[in-house]
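Order of the sequence lines fixes the chain letters, A, B, ..., with proteins taken first and strands second; residue numbering starts at 1 for each chain.
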Amino acid sequence: MARPATLEPGPMTIATDTATPIRVRIAPSPTGDPHVGTAYIGLLNFLYARQRAGKFVLRIEDTDRTRFVSTSEQMIFDALRWLGLEWDEGPDVGGPYGPYRQSERTEIYREHVQRLLDSGHAYRSFETAEELEAMRRSQIAAKLPPRYNGAHRELTAAQIAAFEAEGRPAVVRLKVPAEGETAFRDELRGAINFSHNNVDDQVLLKSDGFPTYHLANVVDDHLMRITDVIRAEEWISSTPKHVLLYKAFGWELPRFWHMPLLRNIDKSKISKRKNPVSLIYYRESGFLPQAVLNFLGLMGGGMAQPSEEEIVAKGSSLKQGDIFSLPQMIEKFDFKRISLGGPVFDLTKLKWLNGEYLRALSPEAFFQALRATVFSDEYLRRIAPLVQTRIETLAQFGEMTDFFFKDDVMPAPEVFVPKKRTLEETLDFAAEQLAVLEATPFTAEELEPALKKLGAEKEWPVKDNFMLLRAILTGRTASPPLLESLIVFGKARSLDRMRRFIDAQKRLAATRR
RNA sequence: GGCGUUAUGGUGUAACUGGUUAACACGCCGCCCUCUCAAGGCGGAGAGUCCGGGUUCGAGCCCCGGUAACGCUACCA
């Protein structure tokens, strides 16, 4: 892999106190579109590795077969490469500690689980999912904290044999010590303690034979010689379980760095409901990877603002302080500076930044960027057949297809509300359509029946059903074929357009009242 | 509910080991430039640093006590 010289550890390289080479990893789950959160944590890990001449590993965390999406893994690869976050080891590039896909490591997990069973750090538990669910409900009803009650912690050999004879499937759980506490150090926050009263007997091996995150993550991090676990803050609460596992195996602990969570405007954890969260969306909407990376680098504030002397020395203007490249981040990004409050992912500022990058392009580079994205041959080639029979001069192509090239369309209520329907009913139905589209792969064979099924359930005639969707997607009542348009425009952008539409209309309706 | 984390303008961040009227960027408003719109230039409004105590000549920075937000609380990650 050819890397620009600037990416090599420069004078700012941080000396580490250990002789062991630094190794970090990201472990995305292939459950859907690649997520901005993955890019954020990916960037941070990448920077950390590059600053210390370490290795950046990509591991695919595909142990949940119920949420597995087969196309997801490739999309993750593509999105990370688009951003320029190249990994040194991973499922597609190999490496000395493979395999890098957890579904290919089940034998390893089984062996390790057996070790825990043998050493008494784990035990088999035979409750069914339904029984556990019932237990949880009654605990919540009784206002008790929902926790595993430990019923099978001390089964006798005879009891275990009986359950097995019954053919009951088992899970393996971590045997958390009844007393005491587990403490660990977070590199950004200092010591964190958890009383064992508050650490559940986590399932380590599911009844389908796959490990849970907790087990797989610890085993793999150890086997892959990961020295620094840089991950999102949401993992703090489960870190004691991980620490307990390291100890049970007798392994050395990695350093833990928990990064603040990216937030929606209302400060909740970033989610697709309130923010475009798919990296596909950003790529297809014409954001430049450098701008996205730059923006992500702003989140958490690891880049010091330049001092006045530096500004004078460089002769640059003050606002350049928010603009920096990946090599500059490698040089200057300081993990100890990261501020812990959850940063709001503010699309407005991202757009400004992207505009700065666009303006900085040479005319030729700008033209090439256009040709590579919104006016790519590939895109045009897919749109062309949708309009060929519908236009009389080639110039009409523009009118017919404008919505394919817009960032936003916003039809008026006269356009999208069917006769005999109220605005409110219509928006409610649009929300139903959105839910269906989210759950459906974007192919004609899948989309059509799914939408028709919804229409039948809610008693919306096909005509009104499709017309509403057409209005939302295209902004008008006449357009190329709806389903094909949806598919070509793409799932990420289509869903975003719908969400924005519903949000905006609800807000409008509220102000009218 | 329990546990954990966090807390500086609307948003992202600054403020060296406590030291002058809390700084920069985005956004917002106004003016200039201009055929328009952007961009660019200039200017402005907007926080007294979550709240309450304390230490100190002096606190956004230190101590104590609250509050709020967020996260976790799954055979999901």
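- A:N45 places a side-chain N or O within 3.5 Å of a backbone atom of A:I41 that can act as its donor or acceptor partner.
- Side-chain atoms of A:Q74 do not come within 3.5 Å of backbone N or O of A:T71 as any donor-acceptor pair.
- Stems are defined here as 3 or more consecutive Watson-Crick or G-U wobble pairs with pairing distances under 3.5 Å; those involving RNA chain B are B:1-7 with B:67-73, B:10-13 with B:23-26, B:28-32 with B:40-44, B:50-54 with B:62-66.
- Within 4.0 Å of A:E127, counting heavy atoms only, lies at least one base atom of the nucleic acid.
- Side-chain N or O atoms of A:T128 include one that pairs as donor or acceptor with a backbone N or O of A:E131 at under 3.5 Å.
- Heavy atoms of A:V171 sit under 4.0 angstrom from at least one base atom.
- Phosphate contact (OP1/OP2 of B:A15, side-chain N/O of A:R337, threshold under 4.0 Å): present.
- On the P atoms, B:C50 is 32 Å away from B:C42, given to the nearest whole Å.
- Within the structure, every side-chain polar atom (N or O) of A:R147 is placed at least 4.0 Å from both OP1 and OP2 of B:U73.
- Comparing the P positions of B:G71 and B:A59 gives a spacing of 36 Å, expressed to the nearest Å.
- Spacing between B:G48 and B:C57 at atom P, rounded to whole Å, works out to 28 Å.
- Contacts of A:T212 with the nucleic acid, taken as non-hydrogen atoms under 4.0 Å apart, involve only primed sugar atoms and P, OP1 or OP2.
- For the pair A:W352 CH2 and B:A38 C1', the interatomic distance rounds to 16 Å; values are reported in whole Å.
- Within the 4.0 angstrom heavy-atom criterion, no nucleotide atom of any strand lies near A:G355.
- Note on A:K206: a side-chain N or O is less than 4.0 Å away from OP1 or OP2 of B:C76.
- In this model, the phosphate group of B:C72 is approached by a side-chain N or O of A:K269 to a distance below 4.0 Å at OP1 or OP2.
- In this structure, A:F210 and A:D64 have side chains that are not in contact, with every pair of non-hydrogen atoms separated by 4.5 Å or more.
- For the C1' atoms, the distance from B:C70 to B:U17 is 32 Å, rounded to whole Å.
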Legend entry - CA sep, side-chain torsions, deciding dist, call: A:V344, A:N264, side chain to side chain contact (heavy atoms under 4.5 Å, CB included): CA-CA 6 Å; A:V344 171; A:N264 299 311; over 6 Å; no

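- Note on A:T63: only backbone sugar-phosphate atoms sit closer than 4.0 angstrom, heavy atoms only; bases stay farther off.
- In this structure, A:L144 and A:G300 both approach RNA chain B, and ranking their closest nucleotides by distance from the 5' end singles out A:L144.
- The salt bridge (charged side-chain N to carboxylate O under 4.0 Å, His left out) analysis of residues 277-297 of chain A, with sequence neighbours excluded, yields the pairs A:E284-A:R493.
- Note on A:K241: every side-chain N or O is 4.0 Å or more away from OP1 and OP2 of B:G4.
- Within residues 179-194 of chain A, the residues that have a heavy atom under 4.0 Å from RNA chain B are, in order of number, A:R189, A:I192, A:N193, A:F194.
- To the nearest angstrom, P of B:U6 lies 21 Å from CG of A:D266.
- Contact annotation for A:R67: base contact, defined as any heavy-atom pair under 4.0 Å involving a base atom.
- Among the atoms of the strands shown, only primed sugar atoms or phosphate atoms (P, OP1, OP2) are found under 4.0 Å from some heavy atom of A:P343.
- By the 30° and 60° cut-offs, the orientation of the rings of A:W235 relative to A:H242 is tilted.
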